[in-house]
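One structure is given below, encoded as structure tokens.
In listed order, ligands and their atoms are each counted from 1. Just so it is clear, the structure is predicted and the values come from calculations on it, not from any experiment.
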Amino acid sequence: MAKPKKLIVGNWKMKPATYKEAEKIFKGVVRGLDRVRGVDVVVCPPIPFLTELKRSTTSKKLKYGGQTCDSENAASRTGEYSPTMLKSVGASFVIVGHSERRALGETNAVVHKKLKAALDAGLQAILCIGESERDTKGEYVTFLQEQLKTAFKGLTAEQLKQIVVAYEPIWAIGKTAAESNVRAEHVHEMVIFVRKFLTTRYNRTIAESVKVLYGGSVEPTNAEELLSTGQADGALIGHASLVPGEFLEIIEIMQKK
Ligand code: PGA
């Protein structure tokens, strides 16, 4: 059986400040993608930039995603946008439950609703989970279990085909590789943990078909250790995705696997 493709997702967050800068980063990424094989690459730029960026290239090597979406596909909600809207402008992915959104008040129940709305709209959802600290009593495991339990409540095996899980420990997010304490064993432990959870809920075949990404302080210098030794199916990349050279280097590291 062919090995499933690795997945690298760039989460630009609320950066850069202007469309002009965004276009420069985007062009740098697109240029380098010509030599990429066997890795799916997704960029999640700020929504005001998405359509224009997509229009600026004919490259088929890139997929697009939103960084969040509403929990409804039709409602009067000033300022929000639905998964259906994302899909209609060419996004095929959406990040759901990023810790920076959870910090703004998104509960597990809201994340579950958003996830369902994204699936209903036909998007691939990147469900983020992650603890704020690793306590010695293992309470972080219960915390993560709860995030998973609520997110997957009532979802069918068929719906799982549209889900990717991203383990993103809050204590590693936004740090440089040099500052971060995250190690391959943290990643590997969580890849196994997510697969065990899915095996119990569904079955082993399904659990193995769901991609588990790692995110938090991934840079070219630690990508090999965290992603390969950690046995993740790819990565969700924040700050390094805004530097085309670094983003492409991480993609190339994954390509060799
Ligand atoms: P980082 O962010 O790569 O800058 O740590 C990752 C994320 O928040 O998705």
Side chain to side chain donor-acceptor pair (under 3.5 Å) with His239: of Glu219, Glu246, Lys13, only one passes, and it is Glu219
May I ask whether Gly216 has any heavy atom positioned less than 4.0 angstrom from an atom of ligand 1? yes
Are a donor atom and an acceptor atom from the side chains of Glu131 and Trp171 found within less than 3.5 Å of each other? yes
His98 neighbourhood, listing ligand 1 atoms whose heavy-atom distance to it stays under 4.0 Å: 7 (C), 8 (O), 9 (O)
Kindly confirm or rule out an N or O of Glu100 lying under 3.5 angstrom from an N or O of ligand 1. no
Do His98 and Gln67 get their side chains close enough for a donor-acceptor pair, meaning under 3.5 Å? no
Just jot down the ligand 1 atoms closer than 4.0 angstrom to any heavy atom of Ser217, in number order. 1 (P), 3 (O), 5 (O)
protein heavy-atom neighbour closest to atom 4 (O) of ligand 1 works out as His239 ND1, 2.6 Å
Under 4.0 Å from one or more heavy atoms of Leu236, ligand 1 contributes atoms 9 (O)
Please check if atom CD in Glu179 has more than 12 non-hydrogen atoms from other residues, nucleotides or ligands closer than 6.0 Å. yes
shortest atom 3 (O) of ligand 1-to-protein heavy-atom contact is with Gly238 N, 2.8 Å
Residue portion contacting ligand 1 (non-hydrogen atoms closer than 4.0 Å) for Asn11: side chain
Once you measure the plane-to-plane angle for Phe152 and Tyr202, does it fall in the parallel (<30°), tilted (30-60°) or perpendicular (>60°) bin? perpendicular
At a 4.0 Å threshold, what atoms of ligand 1 neighbour a non-hydrogen atom of Glu168? 6 (C), 7 (C), 8 (O), 9 (O)
Should the ring pair Tyr19 and Phe49 be called parallel, tilted or perpendicular, given that the plane angle runs from 0 to 90° and is split at 30 and 60? perpendicular
Using a strict cut-off of less than 4.0 Å between a Lys/Arg side-chain nitrogen and an Asp/Glu carboxylate oxygen, indicate whether Asp40 and Lys6 qualify as a salt bridge. no
Per-atom contacts, ligand 1 versus Gly174 - under 4.0 Å to a heavy atom: 1 (P), 4 (O), 5 (O)
Output yes when Asp34 and Lys60 qualify as a salt bridge under the 4.0 Å nitrogen-oxygen rule, no when they do not. no
Residue Lys13 vicinity, atoms of ligand 1 by number, heavy atom under 4.0 Å: 2 (O), 7 (C), 8 (O)
